[in-house]
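All heavy atoms count here, side chains included; hydrogens, waters and symmetry mates do not. In each ligand, atom 1 is the first atom listed, and ligand 1 is the first ligand listed.
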Amino acid sequence: MSLAEKDKQYIWHPFTHLKYAEEPLNLVRGEGAYFIDDTGNRLFDGISSWWVNLHGHCHPYISKKVSEQLFTLEHAMFSGFTHQPAVQLAERLMAHLPGNQSKIFYSDNGSTAVEVALKMVIQYWHNLHKPKHTFIALENAYHGDTFGGMSVGERNVFNQAFGHLLFDVVRIPLPNKHNIEAVKEQFSAYCRTHDVAGFIFEPLVQGAAGMLMYEASYLDELIELAREQDVITIADEVMTGFGRTGRFFAVDYLEHKPDIMCLSKGLTGGYMPLGVTSCAQFIYNAYISDDKTRTFFHGHSYTANPTACSAALASLDLMEEEGTWKRIAEIEAGHHSCQVSLMTHPRVRQVRCRGTILAVELHTAEHTHYLNRAAESISEYFVKRHILLRPLGNILYVIPPYCSTGADLEHVYKTITEFLNQL
Ligand SMILES: *Cc1c(COP(=O)(O)O)cnc(C)c1O
């Protein structure tokens with residue numbers, strides 16, 4: 001049996017149509033911003049492997065650090081035990097997180113980081129004997145595939161089978177200069193009519209929704225309002241963290257800082273699964289008690305896995321190098337000039353750009369339809385030109401690893417333009 005046949009025989013792939021999906025590409029090696037497939041074809045990883053990779057594949061420095069950790073302490077349970085990689089990582093993350101963050105809770109992916117945040121908020125109010133259960137979320141939100149994450153996420157085809165099992169959430173539109181007063185009014189109204197416990201949002205960029213973007217100043221106003229209304233704020237930075245928006249965290253653009261933050265994807269540089277939920281001291285304090293029922297009863301077998309923490313530490317070393325920020329700025333500048341050149345293209349409705357994220361939204365329902373029908377052939381179009389992209393509906397987007405060169409990106413921009421020209 002060929003590898004492809006065995007794959008079909010034994011494996012169920014994520015987000016994959018079982019009937020119409022094309023045969024998956026067989027990747028044999030990673031090298032910087034490129035994959036090499038089993039035919040020797042080189043592919044530029046234009047979406048950083050689902051937004052996780054920061055410094056390129058098989059980075060010699062991270063690989064070395066991970067390998068050293070594997071021969072020192074590969075894993076240990078984290079209740080009643082601790083280890084240097086977890087402590088060091090928490091200490092070093094604190095130096096980058098907003099000043100109000102004071103404790104790190106580890107888990108193992110973005111969905112669990114969100115799940116932990118939601119539970120932390122609900123039990124916070126429970127422990128204070130002021131039970132509140134409603135979350136305010138943004139329209140179009142995506143916060144992961146577990147039940148809590150699906151509940152606060154937009155209801156759509158991805159979770160419709162589970163609709164009646166998800167908890168109720170109230171939603172507000174993305175704020176902009178036209179609707180901000182109305183959105184604030186709606187927020188306050190929900191606080192009067194519902195027992196609002198928390199407000200969760202993807203700061204500045206809603207990734208899975210199609211890289212929808214909004215301004216920091218309006219989010220600032222909402223966070224300020226939440227604080228006035230005694231509502232705990234959760235910034236889901238699973239996608240936006242670690243330089244993606246041009247600063248270390250998207251909340252670095254804000255004046256008012258969230259009470260809780262969720263990190264994952266780029267945390268380990270895209271090497272290993274790891275999640276972090278950080279919180280302000282006042283939240284932690286609500287769990288300190290002689291009463292044992294106030295304990296936060298949550299934990300995963302692989303909590304704070306030392307090998308994953310060592311990958312995160314090595315990735316942080318690279319994030320703290322000046323050269324990385326120079327590349328981030330160069331990618332941002334490249335995206336901007338691509339944005340300017342595509343803005344007036346007849347097939348383009350809007351080009352959005354923030355930091356290292358570039359999104360090209362194509363025009364009209366028929367093209368949406370075209371794209372939906374031909375999503376595979378679009379991927380194929382780019383794969384033939386040595387680029388790995390996966391459009392979200394009618395939105396083509398690029399989130400490259402920071403090690404991508406100017407020439408890599410020029411090739412991507414040029415190929416996107418050619419693709420649009422032949423539509
Ligand atoms: C990807 C993502 C998640 C879920 O992370 P997983 O590691 O895939 O579970 C949650 N929130 C946001 C904003 C994401 O982009």
Side-chain angles (χ1 to χ4, degrees), residues 13-16 47-54 105-121 135-156 158-159 162 166 169 171 174 198-214 219 233-245 249-251 253-254 258 260-278 298 300-305 308-309 311-312 315 352 354-357 359 390-393 395 397-399:
H13 286 268
F15 291 111
T16 302
I47 56 168
S48 295
S49 290
W50 264 351
W51 327 340
V52 300
N53 191 285
L54 299 185
F105 192 99
Y106 287 108
S107 62
D108 36 37
N109 60 71
S111 303
T112 55
V114 168
E115 213 70 28
V116 166
L118 299 174
K119 287 178 71 174
M120 246 181 207
V121 168
F135 283 95
I136 297 180
L138 293 175
E139 286 172 7
N140 307 307
Y142 177 75
H143 296 291
D145 290 342
T146 50
F147 272 81
M150 284 196 290
S151 294
V152 288
E154 178 78 29
R155 301 300 151 86
N156 55 29
F158 295 107
N159 52 43
F162 315 102
L166 303 181
V169 168
R171 282 172 217 285
L174 272 199
F199 166 41
I200 184 167
F201 50 86
E202 296 155 272
L204 308 199
V205 187
Q206 292 187 301
M211 305 298 158
L212 299 182
M213 302 183 186
Y214 63 109
L219 181 55
T233 50
I234 305 171
D236 177 354
E237 290 240 23
V238 169
M239 195 276 291
T240 50
F242 303 96
R244 277 296 166 204
T245 65
F249 293 114
V251 299
Y253 290 94
L254 300 174
I260 295 180
M261 288 178 59
C262 306
L263 312 174
S264 185
K265 292 200 167 101
L267 174 59
T268 62
Y271 261 64
M272 315 198 113
L274 185 65
V276 154
T277 309
S278 69
H298 188 103
H300 299 277
S301 316
Y302 283 97
T303 296
N305 172 259
C309 289
S315 176
R352 296 183 283 273
R354 169 74 88 166
T356 63
I357 306 166
R390 262 173 74 124
L392 289 159
I395 295 149
Y397 68 94
V398 189
I399 302 190

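Nearest protein heavy-atom neighbour of atom 10 (C) of ligand 1: His143 C, 3.4 Å. Protein heavy atom in closest approach to atom 12 (C) of ligand 1: Asp236 OD2, 3.4 Å. Looking from atom 14 (C) of ligand 1 to the surrounding protein, the closest heavy atom is Lys265 NZ, 2.9 Å.
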Quiz item: Given the rule in the ring pair (Phe, Tyr, Trp, His ring centres under 6.0 Å) test, do Phe249 and Phe242 qualify, once you have shown the distances and angles that lead to the verdict?
Solution: CA-CA 6 Å; Phe249 293 114; Phe242 303 96; 5.4 Å; yes
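Polar contact check, Ser264 against ligand 1: no nitrogen or oxygen pair lies under 3.5 Å apart. For ligand 1, the polar-atom distance check against Gly110 finds a nitrogen or oxygen pair separated by under 3.5 Å. Considering backbone and side-chain N/O of Glu202, none are found under 3.5 Å from N/O of ligand 1. Close N/O approach between Trp51 and ligand 1 is not found [any backbone or side-chain N/O within under 3.5 Å].
With ligand atoms numbered from 1 in the order given, ligand 1 contributes 4 (C), 5 (O), 6 (P), 9 (O) to contacts under 4.0 Å with heavy atoms of Ser111. For ligand 1, the atoms sitting less than 4.0 Å from at least one non-hydrogen atom of Gly144 are 4 (C), 10 (C), numbered in the order shown with element in parentheses. Listed by number with element, the atoms of ligand 1 under 4.0 Å from a non-hydrogen atom of Met239 are 15 (O).
Taking every heavy atom of both residues into account, Ala235 and Pro258 meet most closely at CB-CG, 3.6 Å. Nearest approach of Tyr214 to Pro203, heavy atoms of both residues: OH-CA, 3.7 Å. Here the closest heavy-atom approach between residue Arg155 and residue Ser151 is recorded as NH2-O, 2.6 Å.
Between the side chains of Arg354 and Thr245, no donor N or O sits under 3.5 Å from an acceptor N or O. No hydrogens or angles considered: nothing links the side chains of Thr112 and Glu115 as a donor-acceptor pair under 3.5 Å.
Side chain of Glu202 to main chain of Met239: no donor-acceptor pair is present (N/O by atom type, distance under 3.5 Å, no hydrogens or angles). Here the side chain of Arg171 pairs a donor or acceptor atom with the backbone of Val152 at under 3.5 angstrom.
Under the 4.0 Å distance rule, the nearest protein heavy atom to atom 8 (O) of ligand 1 falls outside the cut-off.
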